[in-house]
Amino acid sequence: MTPRDRWLAYVFVAPAVVLVAVLMYYPMLGSVYESLFTTSFINPKPKFIGLASYAKILSDPVFLQVLLNSLEWTAFVVVLQNLIGFLVALVLDQNLPGQGLMRSIILLPWILPGVVAAIVWRFMCDPQLGLINSLLVGWGFTGHAVAWLGDVRTAMPAAIAGAVWKGFPFSTVVYLAALQNIDQEQIEASIIDGARVWQRLRDVIFPAIRPVVAVNVLLTTILTFNYFDMIWVLTRGGPENSTHIFPTKIYELGFGQFRFGEASVYGVISLLLVVVFVAAFLVLQRRPARGV
Amino acid sequence: MNIDRRRMQQVLVVALQIILAIVVLMPFFWMFSVSLKPATEPFAIPARLWPQHPTLNNYASAFRPEFQRYFLNSIVVSLSTLIITVPLALLAAYSFTRFQIRLLSAFLVGIIIAQMFPSSAIIIPIYTMVKATNLLNTYPALIIAYITVTLPVAIWMMRGFLANLPLTLEEAAAIDGATPLRAFVEIILPLCRPGIVATAVFVIIVTWQESDSMEYAMVI
């Protein structure tokens with residue numbers, strides 16, 4: 001490689017690298033720096049307090065609740081979204097007429113802007129306007145409407161259901177593509193050998209798409225953990241913090257209460273959690289699959 | 001497998017698909033139905049699936065002048081993000097796929113890591129930056145916010161396309177005396193048009209629907 005080529009290589013990369021550095025790394029480091037200071041609406045001048053914010057927040061019961069909520073939210077959304085996404089992909093992976101139309105219909109919630117999807121879901125859950133309540137009352141399951149999003153017990157499941165409805169089409173599309181890449185001869189051979197549907201799933205289909213499942217789970221976990229709009233539009237973290245997850249808490253602390261220091265502490269901890277998860281995932285992936 | 005059983009399976013699959021479509025579409029239908037109801041009807045108990053007296057009044061009152069403004073905003077911001085993201089991603093991806101330099105691999109890893117940053121964690125310093133430069137409530141502020149979402153993914157997408165273009169084309173050009181820059185402009189650029197289009201579509205979809213904390217913060 002001539003020095004001129006080398007020079008060209010750097011010139012081509014420079015603008016993108018500079019932008020990523022200025023717009024992503026600098027703010028991330030800024031967030032770490034900011035987390036060492038305290039500000040409030042009344043006293044906006046930053047005051048250095050070192051790791052005191054971390055100590056204070058880690059011992060705060062609200063933090064524990066946000067952490068548990070985030071884990072609950074992420075675990076349920078990721079598992080349900082991937083499971084439903086996969087099952088729907090199996091149903092759609094048939095050579096029947098009208099498949100193109102079906103696939104477009106299934107994709108709709110995913111193409112929808114996040115806020116719009118959340119508003120559509122709020123319409124479903126609303127005690128007065130909601131279809132779910134109308135059906136429940138109409139069919140006589142409950143005597144009165146339920147405020148799904150206003151009750152500590154039901155708010156999180158309602159939000160999770162909304163996120164799954166919005167997110168499963170993405171998994172479906174990915175799994176559908178993977179299913180169509182499977183060697184058809186393998187499937188036919190397993191049918192001739194008399195494999196039942198369940199055996200075919202377990203021994204032929206699943207091993208073939210295992211890498212895709214791994215990447216998809218990783219991706220949806222990161223996206224779901226950082227997913228802001230659904231919960232913000234549905235509940236703003238309420239009632240009584242019962243649906244606050246990291247992104248909504250950070251937003252509320254920073255832009256609702258101007259406590260940027262505390263918001264940054266939540267931000268840094270949330271990044272650490274994602275990094276630990278991704279690292280653990282990659283380590284587990286390196287290990288050879290059991291019994292295959 | 002005998003024909004009857006096969007037929008039954010097909011009917012079952014079609015039935016499943018129809019149920020699925022209904023479940024997925026129901027919320028949209030419901031929103032549409034409520035949008036056609038006159039002011040008093042949405043609160044009627046029990047609610048009706050379809051309004052008794054459908055009306056377009058709600059639409060008439062929604063199409064206020066601000067609406068056009070919102071639409072224009074979306075277009076300006078989307079296109080600007082596109083014009084910045086796609087060329088930068090293309091150039092960077094070219095370097096990443098064509099030159100074996102250790103520092104470049106480090107940059108590439110750095111870009112993957114940047115994608116894991118939660119937007120809610122980097123938003124506060126970006127907000128401070130934008131505020132310090134008096135850009136709050138402007139197009140550049142939104143474009144900056146979008147670039148943090150689109151650029152890393154666009155680089156990865158373009159890299160995938162470029163990696164599939166055989167090196168032999170450029171080697172032939174080099175033998176014929178073309179500089180790498182000329183080879184890039186005259187050979188690579190025309191060949192990766194599909195990649196450019198796919199990346200552009202991705203950027204437009206993301207900027208059109210992106211509405212997370214970034215956007216909220218930039219318009220405070």
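Here is the naming used below: chain letters follow the sequence lines, and residue numbers restart at 1 for every chain.
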S.K.: Looking at A:Phe246, A:Tyr10, A:Phe168, which one has more heavy-atom pairs under 4.5 Å with chain B than the rest?
M.R.: A:Tyr10
S.K.: Could you check which of B:Thr128, B:Ile155, B:Leu103, B:Val14 has the highest count of heavy-atom pairs closer than 4.5 Å to chain A?
M.R.: B:Leu103
S.K.: To the nearest 0.5 Å, tell me how far A:Ile84 CD1 sits from B:Leu20 CG.
M.R.: 9.5 Å
S.K.: Measure B:Ile144 against the heavy atoms of chain A and call it side chain, backbone, both or neither at under 4.5 Å.
M.R.: both
S.K.: Counting only non-hydrogen atoms closer than 4.5 Å, can you tell me which residues of residues 271-279 of chain A sit against chain B?
M.R.: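 The list, in residue order, reads A:Leu271, A:Val274, A:Val278.
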S.K.: Between A:Leu223, A:Leu90, A:Leu8, which has the largest tally of heavy atom pairs under 4.5 Å with chain B?
M.R.: A:Leu8
S.K.: Decide if the gap between the ring center of A:Tyr25 and the ring center of B:Phe117 is smaller than 6.0 angstrom.
M.R.: yes
S.K.: Other residues, nucleotides and ligands only: do more than 12 of their heavy atoms fall within 6.0 Å of OH on A:Tyr26?
M.R.: no
S.K.: Given that the side chain runs from C-beta out, which part of A:Met102 has a heavy atom under 4.5 Å from chain B: side chain, backbone, both or neither?
M.R.: side chain
S.K.: B:Pro125 versus A:Tyr33: any side-chain heavy-atom pair under 4.5 Å?
M.R.: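 They are not in contact (no side-chain heavy atoms under 4.5 Å apart), so the answer is no.
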S.K.: Quick one: CE on A:Met28 to OG1 on B:Thr148, what's the gap to the nearest 0.5 Å?
M.R.: 12.5 Å
S.K.: Could you tell me which non-hydrogen atom of B:Met129 sits nearest to which non-hydrogen atom of A:Leu23, and how far apart they are?
M.R.: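 Result for this residue pair: CE-CD2, 4.3 Å.
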S.K.: Among B:Leu16, B:Leu181, B:Ile18, B:Ile111, who wins on heavy-atom pairs under 4.5 Å with chain A?
M.R.: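 Ranked by heavy-atom pairs under 4.5 Å with chain A, first place is B:Leu181.
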S.K.: Counting only non-hydrogen atoms closer than 4.5 Å, does B:Pro152 touch chain A with its backbone (N, CA, C, O), its side chain (CB onward), both, or neither?
M.R.: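 The answer is the side chain of B:Pro152.
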S.K.: Report yes if the side chains of A:Val20 and B:Phe107 come closer than 4.5 Å at any heavy-atom pair, otherwise no.
M.R.: no
S.K.: With a 4.5 Å cut-off on side-chain heavy atoms, are A:Val13 and B:Leu91 touching?
M.R.: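 They are not in contact (no side-chain heavy atoms under 4.5 Å apart), so the answer is no.
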S.K.: Would you list the atom pairs, donor with acceptor, under 3.5 Å between side chains in residues 83-90 of chain B and any protein atom, with sequence neighbours excluded?
M.R.:
{"from": "B:Thr85", "atom 1": "OG1", "to": "B:Thr81", "atom 2": "O", "distance (Å)": "2.7"}
{"from": "B:Thr85", "atom 1": "OG1", "to": "B:Thr150", "atom 2": "OG1", "distance (Å)": "3.1"}

S.K.: Which atoms of B:Leu12 come close to chain A, meaning under 4.5 Å heavy atom to heavy atom: side chain ones, backbone ones, both, or neither?
M.R.: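 No part of it gets close to chain A.
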S.K.: Name all residues meeting the ring pair (Phe, Tyr, Trp, His ring centres under 6.0 Å) criterion together with B:Phe184; count only those two or more places apart in sequence or in a different chain, and write none if there are none.
M.R.: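 Listed in chain order: A:Phe12, B:Tyr94.
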S.K.: With a 4.5 Å limit on heavy-atom distance, are the side chains of A:Ser31 and B:Ile122 in contact?
M.R.: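 No - every pair of side-chain heavy atoms lies 4.5 Å or more apart.
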S.K.: Would you call the rings of A:Phe255 and B:Tyr127 parallel, tilted or perpendicular if under 30° counts as parallel and over 60° as perpendicular?
M.R.: perpendicular
S.K.: Less than 3.5 Å apart, which donor and acceptor atoms pair up between the side chains of residues 116-124 of chain A and the rest of the protein, not counting sequence neighbours?
M.R.:
{"from": "A:Trp121", "atom 1": "NE1", "to": "A:Ala158", "atom 2": "O", "distance (Å)": "3.0"}
{"from": "A:Arg122", "atom 1": "NH1", "to": "A:Val233", "atom 2": "O", "distance (Å)": "2.9"}

S.K.: Picking from A:Val11, A:Ile222, A:Leu19, which has the most non-hydrogen pairs under 4.5 angstrom with chain B?
M.R.: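 The candidate making the most pairs under 4.5 Å is A:Leu19.
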